[in-house]
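Labels below follow one simple rule: chain letters A, B, ... track the order of the sequence lines, proteins then strands, and each chain is numbered from 1.
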Amino acid sequence: MTAMVDIRSVHKSFGSLQVLRGIDLEVRSGEVAVVLGPSGSGKSTLLRAINHLEKVDSGWISVAGSLVGYRRQGDRLYELREREILKQRTRIGFVFQNFNLFPHLTVLENIVEAPVSALRCPRKEAVRAAETLLARVGLADKAAAYPRQLSGGQQQRVAIARALALEPELLLFDEPTSALDPELVGEVLDVIKDLAHQGTTMIVVTHEIGFAREVADTVVFMDGGRIVEQGPPAEVLDAPRHERTKAFLSKVL
Amino acid sequence: MSLTSDPPVGKATASGAEREDYSALKVVPVRHPWRWVAVVVTAVLVAQFAHGLITNPGWEWDVFADFFTTRTILKAVWITIQLTFYGTALGFALGIVLAFMRLSRSPFLKSVAFTYIWAFRSIPLIVQLLFWFNLTYLYKRLDFGIPFGPGFFSFDTAGLVGAMSAAVLGLALHQAAYAAEIVRGGVLAVDGGQLEAAAALGIPRLRQLRRIVLPQAMRSILPNAANEVISLFKGTSIVSVMAIGELFYQVQVIYGRNGRVVPLLMVATVWYIILTTVLSVAQYYVERHFSRGATR
């Protein structure tokens with residue numbers, strides 16, 4: 001399998017705070033990587049860097065063979081224009097912790113917006129695709145509703161459908177269930193599991209250890225801006241080698 | 001021991017006393033005697049005021065009726081509406097540009113916009129209007145061409161900036177400073193996550209603004225913008241210093257001739273009230289349009 005995401009010695013600071021201190025990570029095509037770690041360990045920043053929502057200070061990230069945010073020409077890297085970055089992002093789906101649905105647009109309009117404006121997909125086709133996606137996340141009857149009329153779990157499922165509408169090669173989830181009531185977590189995780197079983201490549205930042213155990217091909221444990229250890233769930237979750245991982249797991253399990 | 005407070009069903013309470021049944025009793029609402037006193041006092045005052053409006057001959061309602069819809073007054077109302085319309089349209093157009101200059105990441109554009117807003121909010125409207133009216137004194141000719149180089153077209157400022165366009169220019173430039181801050185406030189009120197989501201979806205930049213940011217910003221822009229339009233509408237009366245035949249100027253001209261000050265001021269007042277009412281109603285419907293999907 002080829003590398004879908006390739007991250008090499010990525011560093012990032014906010015002012016004097018070093019958030020990422022040399023991250024190396026490879027995620028192969030069709031693989032599900034779950035990133036665990038305490039708050040402030042840099043998980044979300046790493047995820048946002050992959051989508052170029054955060055610009056890294058050094059190192060590089062490539063997705064499906066193309067560098068994120070740069071274009072190589074000979075021995076130089078040219079920074080991409082915003083338009084080109086936006087185009088790159090259409091190949092990567094991003095699901096936020098707070099859903100970030102557009103509150104003034106209906107569920108259907110939320111999903112149709114990006115394919116129509118970013119990919120220039122004909123509206124009719126986009127609507128048909130959106131209806132299929134809504135059925136897939138179990139919300140076929142909510143097309144005309146506004147986001148505020150839905151529960152948190154339903155909103156997050158719409159957000160997933162919205163990300164899928166661009167038919168991305170890679171899906172990034174930033175704590176997709178952290179803003180949900182406990183009884184709504186399951187319905188969102190079920191949708192994500194479904195996607196995983198269909199072979200979608202994804203990186204999921206989460207605190208749901210059970211989900212990681214069930215779905216992840218690779219579990220990545222981060223702390224203090226570094227990857228402490230990574231490997232199959234059976235290794236990292238059940239037989240962690242590092243003290244830091246053990247301490248974290250003993251608190252959350 | 002349990003902490004549940006469910007009453008025992010169909011039986012006397014633990015103490016053994018019979019449970020009282022209140023359902024047959026008559027409920028007497030609280031009386032508010034002082035509220036009634038206040039109502040009576042207010043009603044008397046309102047009645048006195050209305051009585052005065054009708055019976056006091058000083059109001060000269062017959063003169064009011066004579067002038068309310070005369071051609072001169074209607075024409076003046078039309079000019080007032082035009083001044084408001086152009087002032088608002090140009091003012092907000094420039095205001096939007098200034099707002100995005102202030103929100104941009106370029107320090108130069110930011111400080112230019114900041115300085116503009118600072119300057120035009122500092123200068124009283126009436127002073128500014130008189131400046132524009134006397135533009136000819138400062139610049140005799142306007143040349144269009146290469147900056148600092150030769151010009152292609154040129155105009156005499158005397159012909160170019162008539163009283164009316166000087167007034168529109170003054171109102172619009174003044175309005176732009178306030179509009180810029182209102183628009184900027186509206187854009188800042190939109191949750192940052194919205195732009196992030198739009199960016200993550202790869203939606204083109206202009207489309208992000210037009211489709212995602214502005215419709216949401218409109219909700220906080222509109223109430224303030226309506227205030228501005230209404231205050232500009234009444235502010236057009238300041239233009240009377242430039243001898244433009246808008247409503248207030250025309251009324252002054254007429255009462256200068258016939259001496260009927262009070263009824264003619266009432267003519268202007270009633271027109272201002274009617275048009276402000278129309279604007280308020282329009283505001284209601286425009287706000288309703290932009291509140292789609294909102295819960296409040």
Side-chain angles (χ1 to χ4, degrees), chain A residues 44 47-48 50-54 81-107 109-120 144-150 155 158-159 161-168 171-174 179, chain B residues 96 100-110 182-183 185-226 283-296:
Chain A
S44 289
L47 205 64
R48 294 160 58 80
I50 296 172
N51 205 9
H52 210 264
L53 285 172
E54 268 346 313
R81 293 166 180 285
E82 190 174 355
R83 186 152 35 92
E84 298 166 304
I85 291 171
L86 287 168
K87 207 167 169 198
Q88 271 194 341
R89 290 205 187 109
T90 60
R91 299 161 58 195
I92 306 170
F94 199 104
V95 176
F96 295 87
Q97 181 176 349
N98 315 310
F99 334 133
N100 288 338
L101 292 177
F102 306 129
H104 60 301
L105 302 180
T106 62
V107 164
E109 289 297 329
N110 262 280
I111 300 174
V112 164
E113 176 60 28
V116 169
S117 68
L119 298 184
R120 310 210 158 276
Y146 284 98
R148 286 203 179 97
Q149 298 162 341
L150 305 180
Q155 289 191 45
V158 172
R162 181 174 73 171
L164 289 173
L166 292 165
E167 298 177 13
L171 273 177
L172 305 174
F173 291 87
D174 188 8
Chain B
I96 289 171
F100 282 104
M101 281 170 75
R102 263 202 90 173
L103 289 168
S104 82
R105 262 172 255 167
S106 151
F108 179 73
L109 293 180
K110 258 189 202 177
I182 290 172
V183 172
V187 170
L188 288 179
V190 177
D191 178 32
Q194 291 290 309
L195 270 182
E196 213 158 59
L201 287 165
I203 297 170
R205 183 93 181 120
L206 262 181
R207 176 90 178 175
Q208 288 181 22
L209 287 180
R210 218 181 35 133
R211 179 83 166 149
I212 309 297
V213 176
L214 280 180
Q216 294 185 63
M218 281 308 267
R219 294 213 62 214
S220 38
I221 290 175
L222 275 171
N224 293 321
Q283 177 191 358
Y284 170 80
Y285 284 102
V286 177
E287 278 189 20
R288 201 174 62 168
H289 171 78
F290 280 102
S291 66
R292 280 170 306 169
T295 43
R296 64 187 173 98

Relative to chain B, which of A/Leu101, A/Thr106, A/Asn98, A/Val116 shows the most heavy atom pairs under 4.5 Å?
A/Leu101

Derivation and outcome, side-chain contact (heavy atoms from CB on, under 4.5 Å), residues A/Val112 and A/Leu105
CA-CA 10 Å; A/Val112 164; A/Leu105 302 180; over 6 Å; no

May I ask you to name which of A/Pro115, A/Ala114, A/Pro103 has the most heavy-atom pairs under 4.5 Å with chain B?
A/Pro103

Test item: B/Leu188 and B/Leu103 side chains (from C-beta on) under 4.5 Å apart, heavy atoms
yes

Both conditions, 6.0 Å and 45 degrees, for the charged tip of B/Arg211 above the ring of A/Phe102: are they met here?
no

Would you find more than 12 non-hydrogen atoms of other residues, nucleotides or ligands less than 6.0 Å from A/Gln149 atom CD?
yes

Name the member of A/His52, A/Gln88, A/Glu113, A/Glu82 that forms the most heavy-atom pairs with chain B at distances under 4.5 Å.
A/Glu113

Find the distance between CD1 (A/Ile85) and CZ (B/Arg205) and round it off to the nearest 0.5 Å.
11.5 Å

What part of B/Arg207 gets within 4.5 angstrom of chain A, counting heavy atoms only: side chain, backbone, both, or neither?
side chain

Taking side chain as everything from C-beta outward and backbone as N, CA, C, O, which of these in A/Leu119 sits under 4.5 Å from a heavy atom of chain B? Side chain, backbone, both or neither.
neither

Once rounded to the nearest 0.5 Å, what's the spacing between atom CE of B/Met101 and atom CG of B/Leu109?
5.0 Å

Can you say whether A/Leu172 sits under 4.5 Å from chain B via the side chain, the backbone, both, or neither, judging by heavy atoms?
neither

Side chain, backbone, both or neither: which part of A/Arg91 has an atom under 4.5 Å from a heavy atom of chain B?
neither

Under 4.5 Å to a heavy atom of chain B? For A/Asn51 that would be side chain

